[in-house]
Amino acid sequence: VGNVRELAGKIKIDGIVTADEPMREHTSFRIGGPADLYAAPRTVRDLTRLLSALRDDGVPLFILGGGTNLLVSDRGIRGAVVDTRFLREMRRDGSLITAGAGAEVSAVSALAADGGLSGMEFAYFLPGSLGGALWMNARCYERSVSDILESAQCLEEDLSVNSIAIRAEEWGYKLSPFQGTRRVVLSAGFRLTPGDPREVRAKMETHRRDREAKGHFLFPCAGSVFKNNRAFGAPTGKLLDSLGLKGRRIGGAQVAPFHGNIFINVGGATAADMKALIELAEKETQEKLGFSLEREVILAGEW
Ligand SMILES: Cc1cc2nc3c(=O)[nH]c(=O)nc-3n(C[C@H](O)[C@H](O)[C@H](O)COP(=O)(O)OP(=O)(O)OC[C@H]3O[C@@H](n4cnc5c(N)ncnc54)[C@H](O)[C@@H]3O)c2cc1C
């Protein structure tokens, strides 16, 4: 650990480099202990140099997008957290929108609307970065990111830049070809269609209002904790509700009184509180309904 901290002083990149960075500052749950080393490079070149230095020193790597789907442990993350936040350049070229991994998905959606383009309305007010949305193949309002994905660029494990082919069979419900690999998403392109700007905006506003009405932004949270599964016969939130879990609390962690699948930090929640609540929901669903829930929220760090 000491070596990793020392490394923070030695790394010379354009961007931010700190040691013992509190991850609660970088997660929508507002939970998480320190990362030994935290770095946010400003260019792909600096990102590549940084990853190369970390690899040479054998430092474990965690790539951070918006931190909106993460539960980071109270002990924090050993090794380095590399934040993509500055890699957020966006461009509109006819009906093609291209953006860097660190761009906010919602901002990309807004850029499309400004150009009178339709197809990305569903992602308005979807929290998080483009890279995270590709990694998870984020989905809402019956649309997945892969539905409109035209191209994606990534850093391969050997740190070469690669434009990957989009093969439909590698994408599915909350499934992408980035999961289980060490590839880093750099940018993506979306092919959209010309639409009526007023209709596009109206649809986006409907989604924003729907999220607000569902309480998404009332408390620190990470959206849905568990995936849905058709075999359950009902959305996971309804199942947890049927078990009387809404409002259940452990320490500062609570199953939202307004949504069974959103767990909230009502103030001062630890990662241990939140994890215990997740495990409680899993146990009760298994015992009383016979279903194995699949986590959507990603647990990161040292537990
Ligand atoms: C209020 C709220 C509502 C939400 N609603 C939805 C919803 O409707 N639908 C939905 O699908 N999700 C939803 N989410 C969850 C979350 O917004 C998505 O999963 C989002 O896509 C995560 O993006 P992120 O940038 O925050 O990723 P992070 O949480 O930072 O990271 C998630 C994973 O992606 C990896 N990753 C991130 N960037 C890169 C990169 N550039 N290259 C490689 N790997 C990367 C990380 O290592 C990590 O494993 C919601 C969350 C909140 C807080």
Side-chain angles (χ1 to χ4, degrees), residues 23 26-32 35 40-41 44 47 51 60-72 77 79-88 99-109 122-147 152-157 161-162 164 172-188 207-208 210-228 235-237 256 258-259 261-265 295-301:
M23 289 301 292
H26 300 278
T27 61
S28 57
F29 258 140
R30 295 282 168 247
I31 293 175
V44 170
L47 169 71
L51 296 191
L61 169 68
F62 185 83
I63 299 289
L64 176 70
T68 65
N69 203 31
L70 294 182
L71 178 59
V72 176
I77 299 182
V81 168
V82 174
D83 189 337
T84 60
R85 66 197 301 171
F86 294 129
L87 309 175
R88 59 179 173 219
E104 279 180 42
V105 176
S106 191
V108 182
S109 168
F122 74 99
Y124 192 51
F125 270 69
L126 170 69
S129 72
L130 192 73
L134 252 73
W135 190 92
M136 181 52 101
N137 195 15
R139 177 178 177 84
C140 50
Y141 305 109
E142 309 296 317
R143 303 272 278 163
S144 292
V145 164
S146 58
D147 294 345
Q153 250 200 357
C154 68
L155 272 185
E156 294 292 342
E157 291 186 19
V161 176
N162 185 17
I164 67 160
Y173 171 70
K174 305 259 157 119
L175 184 75
S176 84
F178 299 107
Q179 294 166 12
T181 75
R182 298 175 64 171
R183 288 160 142 184
V184 180
V185 180
L186 293 178
S187 64
H207 296 333
R208 178 179 65 79
D210 182 59
R211 284 184 184 276
E212 283 172 1
K214 285 181 178 153
H216 282 195
F217 309 117
L218 291 176
F219 292 90
C221 75
S224 298
V225 170
F226 300 106
K227 293 184 185 177
N228 287 315
T236 301
F258 47 84
H259 196 303
N261 200 13
I262 294 182
F263 291 16
I264 58 179
N265 176 358
R295 290 178 191 170
E296 179 166 327
V297 162
I298 293 155
L299 272 60

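We count ligands from 1, going down the list as the structure has it; atoms in each ligand are counted the same way. These numbers come from a predicted model, not from an experiment.
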Just need the protein heavy atom nearest to [atom], so name the residue and atom and give the distance.
{"atom": "atom 44 (N) of ligand 1", "value": "Trp135 CD1, 3.3 Å"}
{"atom": "atom 47 (O) of ligand 1", "value": "Ile63 O, 2.7 Å"}
{"atom": "atom 29 (O) of ligand 1", "value": "Asn69 N, 3.0 Å"}
{"atom": "atom 28 (P) of ligand 1", "value": "Gly67 N, 3.6 Å"}
{"atom": "atom 52 (C) of ligand 1", "value": "Gly223 N, 3.2 Å"}
{"atom": "atom 13 (C) of ligand 1", "value": "Leu126 CD1, 3.7 Å"}
{"atom": "atom 24 (P) of ligand 1", "value": "Gly66 N, 3.4 Å"}

Under a 4.0 angstrom heavy-atom cut-off, which atoms of ligand 1 come close to [X]?
{"X": "His216", "value": "1 (C), 3 (C)"}
{"X": "Ile298", "value": "32 (C), 33 (C), 48 (C), 49 (O)"}
{"X": "Ala101", "value": "41 (N)"}
{"X": "Ala138", "value": "11 (O), 21 (O)"}
{"X": "Gly132", "value": "21 (O), 23 (O), 24 (P), 25 (O), 27 (O), 37 (C), 38 (N)"}
{"X": "Cys140", "value": "8 (O)"}
{"X": "Gly128", "value": "23 (O), 24 (P), 25 (O), 26 (O)"}
{"X": "Val184", "value": "42 (N), 43 (C)"}

So, regarding [X] and ligand 1 (criterion: nitrogen or oxygen to nitrogen or oxygen, under 3.5 Å), is there a contact or not?
{"X": "Arg211", "result": "yes"}
{"X": "Val185", "result": "yes"}
{"X": "Ser129", "result": "yes"}
{"X": "Arg139", "result": "yes"}
{"X": "Phe62", "result": "no"}
{"X": "Phe217", "result": "no"}

May I ask which of [options] has a heavy atom nearer to [atom] than the others do?
{"atom": "atom 4 (C) of ligand 1", "options": "Ser144, Gly215, Pro127", "value": "Pro127"}
{"atom": "atom 53 (C) of ligand 1", "options": "Cys221, Ala133, Ser187", "value": "Cys221"}
{"atom": "atom 15 (C) of ligand 1", "options": "Thr68, Leu87, Leu70", "value": "Thr68"}

Parallel, tilted or perpendicular: which fits the ring planes of Phe217 and Phe125, with parallel below 30° and perpendicular above 60°?
perpendicular

Relative to each other, are the rings of Phe258 and Phe219 parallel, tilted or perpendicular (30° and 60° limits)?
parallel

Check against side-chain hydrogen bond (donor to acceptor under 3.5 Å, both in side chains), Asn261 and Thr236
CA-CA 6 Å; Asn261 200 13; Thr236 301; 4.8 Å; no

Heavy atom under 4.0 Å from ligand 1: found in [X]'s side chain, backbone, both, or neither?
{"X": "Ala300", "value": "neither"}
{"X": "Arg183", "value": "backbone"}
{"X": "Leu186", "value": "neither"}

Over all heavy atoms of both residues, which pair between [X] and [Y] is shortest? Give the atoms and the distance, please.
{"X": "Leu134", "Y": "Ala152", "result": "CD2-CB, 3.9 Å"}
{"X": "Leu130", "Y": "Ala99", "result": "CD2-O, 3.2 Å"}
{"X": "Ser144", "Y": "Asn137", "result": "CB-OD1, 3.7 Å"}

Distance-only, no hydrogens or angles: does the [X] side chain make a donor-acceptor pair with backbone N or O of [Y] under 3.5 Å?
{"X": "Arg143", "Y": "Cys140", "value": "no"}
{"X": "Tyr124", "Y": "Ala107", "value": "no"}
{"X": "Ser176", "Y": "Phe178", "value": "yes"}
{"X": "Gln179", "Y": "Lys174", "value": "yes"}
{"X": "Asn265", "Y": "Pro220", "value": "no"}

Residues Glu157, Arg183: salt bridge by 4.0 Å N-O rule:
no

Would you say that Leu64 contacts Leu70 through its side chain, given a criterion of any heavy-atom pair below 4.5 Å between the two side chains?
yes

Is there side-chain contact between Met23 and Ile77, with heavy atoms separated by less than 4.5 Å?
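Counting from C-beta outward, Met23 and Ile77 do come under 4.5 Å.
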
Does CZ in Arg182 sit with more than 12 non-hydrogen atoms of other residues, nucleotides or ligands closer than 6.0 Å?
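Not buried by this count: 12 neighbours or fewer within 6.0 Å.
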
Between Tyr141 and His207, does the ring centroid distance fall short of 6.0 Å?
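Centroid separation for Tyr141 and His207: below 6.0 Å.
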
Does Gln179 have a heavy atom less than 4.0 Å from any atom of ligand 1?
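Heavy atoms of Gln179 never come under 4.0 Å of ligand 1.
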
